[in-house]
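Comments concern the structure below.
FYI, the numbering just counts along the sequence from 1.
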Amino acid sequence: MLLRLEDYLAQDAERYPDKTAVICGERSFTYSQLWQQVQQRAADFPRGEVIPFRSSQTIDFLVTYLAIHLAGSVAAPLEKDTPQSLYDEIVAHLAACEVPDGTADVLYTTGTTGRSKGVMISHRTIVADAENLIAGQGFSHELVFVVHGPLNHIGSLSKIYPCILLGCTIHILDGIRNADLFFEAFRQEGKYATFFVPANIRFLLSFDAKRFATLADRLEFIESGGAPLSYTDMLHLSEILPHSRLYNTYASTETGIIATYNYNDGRCLAGCLGRPMPHSRIIITPEGMISCQGDTLMSGYIGDPELTATVLRDDTVYMSDYGMLDEEGMLHIGGRESDVINVGGFKVAPTEVEDVVMSIDGVQDCICISAEHRIMGRAVKLLVVMDDGFVLDKKKIARYIAARLEPYKVPQLYEQVDAIARTYNGKLDRKYYQ
């Protein structure tokens with residue numbers, strides 16, 4: 001019989017009743033208390049419905065999420081700042097949709113490559129994701145996992161899964177903008193881990209690298225995902241956390257958690273995302289695109305079988321990412337198909353340019369986009385945020401890029417800006433510049 005996440009929680013309450021299950025601010029629950037709260041809350045929900053609710057970085061979110069499952073319904077956590085009109089539209093849409101048996105969640109994508117889509121995730125997928133992370137990253141019962149990203153997104157929500165399977169402690173924070181609160185979460189002796197999107201790693205390395213380095217004896221591992229991590233940040237993190245495992249992971253709402261690579265292995269391979277984990281397989285299509293198989297895949301997009309068929313066919317999810325498998329069977333990513341910039345017949349992956357630019361002293365953030373050009377039609381444009389006291393020197397940056405990349409990849413247009421548009425969970429928001 002397939003055990004669900006809530007079955008593991010019930011086991012935790014029996015095996016480790018007095019162990020701290022979750023911490024948030026001044027509140028905490030033991031596993032016995034958490035299981036009791038989930039059981040009580042489950043009585044408030046009907047059976048067999050899709051139940052939307054706004055997410056929050058709280059213990060109440062976790063109780064509600066688990067209680068909806070326990071009641072026999074499907075959880076649909078939405079971004080906390082979802083406008084009321086959109087919230088009402090989603091509620092009406094969900095009420096009119098049917099879901100397959102075994103569905104646990106409907107998770108909404110961030111919409112960076114199109115409109116936001118409701119992805120159906122099964123209970124089987126949740127457990128497979130958990131087991132992939134346990135095997136791939138070495139989660140243990142003694143671990144305290146610090147979750148600071150939005151819990152309605154697969155990046156952070158998926159870290160709840162292995163913690164409950166193993167009876168770890170979950171420490172919930174509301175972002176990392178309050179750096180004091182973030183570092184306070186690691187104050188006790190113990191084994192810690194956390195998940196970052198690359199923008200958050202860049203933030204801490206830029207403004208709090210020394211304090212970050214003080215965690216070297218406590219951080220078992222850090223996972224990054226959601227977007228490529230710059231090679232410069234990979235090297236910097238490996239330097240200040242020499243004994244921590246540092247993982248780049250290939251994952252998405254549609255595929256689940258697929259592959260991971262500890263780049264603090266002495267090689268620090270840029271663009272490498274490691275081998276597929278136990279419940280996953282990766283196939284590179286003849287066109288050079290990544291496709292995924294296994295138990296972690298979505299069931300489909302809710303209420304949209306036509307859209308589902310464009311991505312999920314024959315138990316395979318076809319991604320829009322270019323990739324290759326090396327002789328060790330490790331995945332290397334080459335950028336998203338929709339992000340590639342076509343300039344005079346040459347194709348430029350913006351992430352490759354961005355990775356080089358982020359290694360330039362004084363550059364705080366950047367994005368490479370396609371822009372109109374009066375002669376060439378389309379051109380590569382670089383938007384750059386400089387550190388305080390630095391001014392964009394277009395010629396200097398162009399020469400730096402030209403020394404490291406092919407000539408056609410050097411941007412023709414440059415602009416210094418105050419900030420780069422990002423989605424609420426830290427990804428570069430390329431749609432903003434279209």
Next item on the list: Take Arg27 and Asp60 through the salt bridge (charged side-chain N to carboxylate O under 4.0 Å, His left out) test and state the conclusion after the steps.
Entry: CA-CA 10 Å; Arg27 295 181 69 197; Asp60 291 336; 3.3 Å; yes
Run Tyr247 and Tyr263 through ring-ring contact (aromatic ring centres under 6.0 Å, His included) and show every step you take. CA-CA 6 Å; Tyr247 292 104; Tyr263 56 87; 8.4 Å; no
Item to complete: For the pair Gln364 and Asp387, evaluate side-chain hydrogen bond (donor to acceptor under 3.5 Å, both in side chains) and give the outcome as yes or no after the intermediate values.
Response: CA-CA 5 Å; Gln364 183 184 124; Asp387 288 331; 3.3 Å; yes
Chi angles and distances behind the salt bridge (charged side-chain N to carboxylate O under 4.0 Å, His left out) call for Asp265, Arg267
CA-CA 5 Å; Asp265 64 350; Arg267 295 185 292 176; 3.3 Å; yes
Mind running salt bridge (charged side-chain N to carboxylate O under 4.0 Å, His left out) on Asp180 and Arg211 for me, showing each step along the way? CA-CA 10 Å; Asp180 291 337; Arg211 225 178 353 166; 2.9 Å; yes
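Distance CG/Leu246 to CG/Leu237: 5.0 Å, rounded to 0.5 Å. Separating the OG atom in Ser122 from the CE atom in Met298 is a distance of 12.0 Å, to the nearest 0.5 Å. Interatomic distance, Asp321 CG to Ser291 OG, rounded to the nearest 0.5 Å: 11.0 Å. The distance from the CD1 atom of Ile160 to the CG atom of Leu165 is 12.0 Å, given to the nearest 0.5 Å. Rounded to the nearest 0.5 angstrom, Thr253 OG1 and Leu107 CG are separated by 6.5 Å.
A heavy-atom distance below 4.5 Å is not found between the side chains of Thr260 and Tyr250. You'll find the side chain of Phe145 stays beyond 4.5 Å of the side chain of Cys168, heavy atoms only. Put simply, the side chain of Gln293 does not reach to within 4.5 Å of the side chain of Asp314, judged on heavy atoms. Using a 4.5 Å cut-off on side-chain heavy atoms (C-beta onward), Gln416 and Val384 make no contact. Side-chain contact check for Ser55 versus Leu78: every heavy-atom pair is 4.5 Å or farther apart. Side-chain contact between Arg313 and Tyr318 is present, with at least one heavy-atom pair separated by less than 4.5 Å. Looking only at side-chain heavy atoms (C-beta outward), Phe53 and Pro77 come within less than 4.5 Å of each other. Using a 4.5 Å heavy-atom threshold, the side chains of Arg378 and Ser370 count as touching.
Put simply, the residue from Ile201, Leu241, Leu205 that forms a side chain to side chain contact (heavy atoms under 4.5 Å, CB included) with His236 is Leu205.
Although no hydrogens or angles enter the test, the distance criterion places a donor-acceptor pair under 3.5 Å between the side chain of Arg54 and the main chain of Thr82. Judged by distance alone, the side chain of Thr169 and the main-chain N or O of Thr20 form a donor-acceptor pair under 3.5 Å. Judged by distance alone, the side chain of Ser206 and the main-chain N or O of Phe203 form no donor-acceptor pair under 3.5 Å. Under a 3.5 Å cut-off, the side chain of His141 and the backbone N or O of Gly167 do form a donor-acceptor pair. Counting only distance, with no hydrogens or angles, the side chain of Thr308 and the backbone of Gly300 share no donor-acceptor pair below 3.5 Å. Under the 3.5 Å distance criterion, the side-chain polar atoms of Asp326 are matched with a main-chain donor or acceptor of Met330. No side-chain donor-acceptor contact under 3.5 Å links Glu354 to the backbone of Ile367. The backbone N or O of Lys191 lies less than 3.5 Å from no partner atom in the side chain of Glu220, so there is not a single donor-acceptor pair. Between the side chain of Gln57 and the main chain of Leu151, a donor-acceptor pair closer than 3.5 Å is present.
There is a side-chain donor-acceptor pair under 3.5 Å between Glu254 and Tyr301. Side-chain contact annotation: Asp295 with Thr125, donor-acceptor N/O pair under 3.5 Å absent. One side chain, Asn248 or Ser224, offers a donor N or O that lies under 3.5 Å from an acceptor on the other. Checked by atom type, the side-chain pair Tyr432/Arg430 shows no donor-acceptor distance below 3.5 Å. Judged purely by distance below 3.5 Å, without hydrogens or angles, the side chains of Ser230 and Asp233 pair a donor atom with an acceptor atom. A side-chain donor from one of Asp105 and His69 sits under 3.5 Å from a side-chain acceptor of the other.
Figure legend: Arg187 and Phe183 shown without cation-pi pairing, the cationic atom not lying both under 6.0 angstrom from the six-membered ring centre and within 45 degrees of its axis. Remark: Lys159 is positioned above the aromatic ring of Phe195, its terminal NZ or CZ atom under 6.0 angstrom from the ring centre and at most 45 degrees off the axis. Cation-pi check for Arg275 over Tyr261 is not met; the charged atom does not lie both under 6.0 angstrom from the ring centroid and within 45 degrees of its normal.
Residues Val22 and Ile172 share a closest heavy-atom pair of CG2-CD1, 3.9 Å. Summarising the geometry of Leu66 relative to Glu6, their closest heavy-atom pair is CD2-OE2, 3.2 Å, with the distance given to 0.1 Å. Residues Ile240 and Ala209 approach most closely at CD1-O, 4.0 Å, considering heavy atoms.
The local environment of CD in Glu328 is crowded, with over 12 non-hydrogen atoms from other residues, nucleotides or ligands closer than 6.0 Å. Surrounding CZ of Arg124 are at most 12 heavy atoms belonging to other residues, nucleotides or ligands under 6.0 Å away.
Using cut-offs of 30° and 60° on the angle between ring planes, the pair Phe196 and His148 is tilted.
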